Amino acid sequence: MTDPRIPVHGNLIDGTWQEAMSGELFPSTDPADGRRVLAAHAASGPGDIAEAVAAARRAQPAWRATPAPRRGEILFRFAGLLAEHKERLALQVVHEMGKVLAEARGDVQEAIDIAYLMAGEGRRMAGETVRSELPDKWAMSVREPLGVAGLITPWNFPTAIPMWKAMPALVAGNTIVLKPASATPGCAVLLAELLVEAGFPPGTVNLVTGSGEMAGAELVDNPDVPVISFTGSAETGRTIAARAGRRLKRLSLELGGKNAILVAEDADLELAVEGILWSAFGTTGQRCTAASRVIVVDAVADRLVERLVERTRALRVGPGIDPATEVGPLISAAARERTEAYLGIGIADGARHLCGGERPADPALAHGWYLTPAILDGVDPMSRVGQEEVFGPLLSIIRVPDLDAAVPAANQVAYGLSSSIYTQDLATAFRMMSALTTGLVYVNAGTIGAETHLPFGGMRASGNGHREAGHAALDTYTEWKAIYVDYSGRLQRAQIDNQPAPGDGAPGGRSPGR
Ligand code: UN1
């Protein structure tokens, strides 16, 4: 990292770029070739976070006082800048995170979409106006920002997910401190530069890079950060929840998934194969929405599996930058080892190994974290590989006699993020839409590909009940204020002055004899 050709990036605090207090740096590397250092980033600690939070806190009253439509205009400008710089950002995503270029463009497009959506919220931000129960009294509700929002984001969508959080937080009048994943700080730096260029005032947007233990933890503990939004593993989510709970913080958690694709006897099997391949091995299986299980009825299982294996074997593994690549590297050596370990656990528990799970022999790929996409058949739904999140290119096939058996198999996991059903029968589709207990349900499409104007999130251990994206995202970053205006000129006592007279027989009225 002493190489002068390696760019060095600091933190954005109060509108200026500065190094970490420790003066230390950490490298970001290319998953396609682990030897390649892309940049050196500020290795921040509690002091840096405290400074960023203080700046965000100072900036918040003026930002809150800026009319929401004006705030929205800055988001709109930012969305335009993102679109203008889309290719540059996408290339950064490819080199830092490893996904293939087409998907990296999709990642940035998702950031653009949420920026435009939330820009519009600046002119909506709806509350309610309702009739008071008393005369000459007006009643309404408005959303209020919480203050400083702490955003802790993952590496798998290094532009989309930080913006899923930053855009609703900002348009609602909060200021932010973003702590991006330590694997993808460079993407966050580019985003921060564009946020500054768009015109967010100094202190409104702060970026602090570093590890979760050193920097993220302080954000969760800092008493001046009333709301934390985190996307990552369920394990880290639990730790954050315990710490944030002690301070009664608002907390939005977006955690793992163990998503299933159900295939009915009447499914269009070719379409199902396409959806399964894309959902299981797109982004190298590193989406919280990735399909990790296929639950197929016996009648079509052999045909489906045969076709799946054939197509999986033909998937091209390679660097994301190569347009021919379909499956890029995993994020790190540890992530590859984790997927390999789950393959071993599945085999040990009695599943049949059908294909994949090898480190490619091609010497050109020797220094990247590559693994060929793998399939296990005959997986017991209650076994470890049938239950635990892998976050890599490993698909488990679960065979069931019929759809009645498929539903409990799909639902009996700790997670509840996404699911899908392939069927050509309308009644089956509607039955499954109701029976599948996940926050996202797809019919005749895979488990991935959520759009930004609908709520995104999962049931059970996939989160803590909050949703990102859509109007629902505002719920994380605002609280309700109910306002009553009494212009009657006299004391009016709700629930007392509007009680039914005794004995008038109306509901709630007391009859004289009692
Ligand atoms: C994630 O996997 O963390 O629906 C987010 C999808 C994407 C977002 C995935 N739009 O797969």
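Bear in mind that the values here come from a model prediction, so they are computed numbers and not experimental data. Note that ligands are numbered from 1 as they come in the structure, with each ligand's atoms numbered from 1 the same way.
- Between Arg467 and Asp475, no side-chain nitrogen of the basic residue sits less than 4.0 Å from a carboxylate oxygen of the acidic one, so the salt-bridge criterion is not met.
- Partners of Arg293 according to the side-chain hydrogen bond (donor to acceptor under 3.5 Å, both in side chains) rule, which considers only residues two or more places apart in sequence or in another chain, do not exist here.
- Partners of Asp377 according to the side-chain contact (heavy atoms from CB on, under 4.5 Å) rule, which considers only residues two or more places apart in sequence or in another chain, are Val305, Arg352, Leu354, Ile397, Arg399.
- No side-chain N or O of Glu96 forms a donor-acceptor pair with one of Thr184 less than 3.5 Å apart.
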Distances only, to 0.1 Å: what are the N or O pairs between ligand 1 and the protein that fall under 3.5 Å?
unit_1	atom_1	unit_2	atom_2	d
ligand 1	2 (O)	Cys288	N	2.7
ligand 1	3 (O)	Asn156	ND2	3.3
ligand 1	4 (O)	Gly449	N	3.0
ligand 1	4 (O)	Ala450	N	2.7
ligand 1	10 (N)	Glu110	OE1	3.1
ligand 1	10 (N)	Glu110	OE2	2.8
ligand 1	10 (N)	Ala450	O	3.3
ligand 1	11 (O)	Arg287	NH1	2.8
ligand 1	11 (O)	Thr289	OG1	2.8
ligand 1	11 (O)	Gly449	N	3.2

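- Between Glu340 and Arg359 there is a salt bridge, since at least one side-chain N of the basic residue sits less than 4.0 Å from a carboxylate O of the acidic one.
- Each side-chain hydrogen bond (donor to acceptor under 3.5 Å, both in side chains) pair with one or both residues in residues 304-320, not counting sequence neighbours, appears once here: Glu270-Arg307, Glu274-Arg311, Arg307-Glu310.
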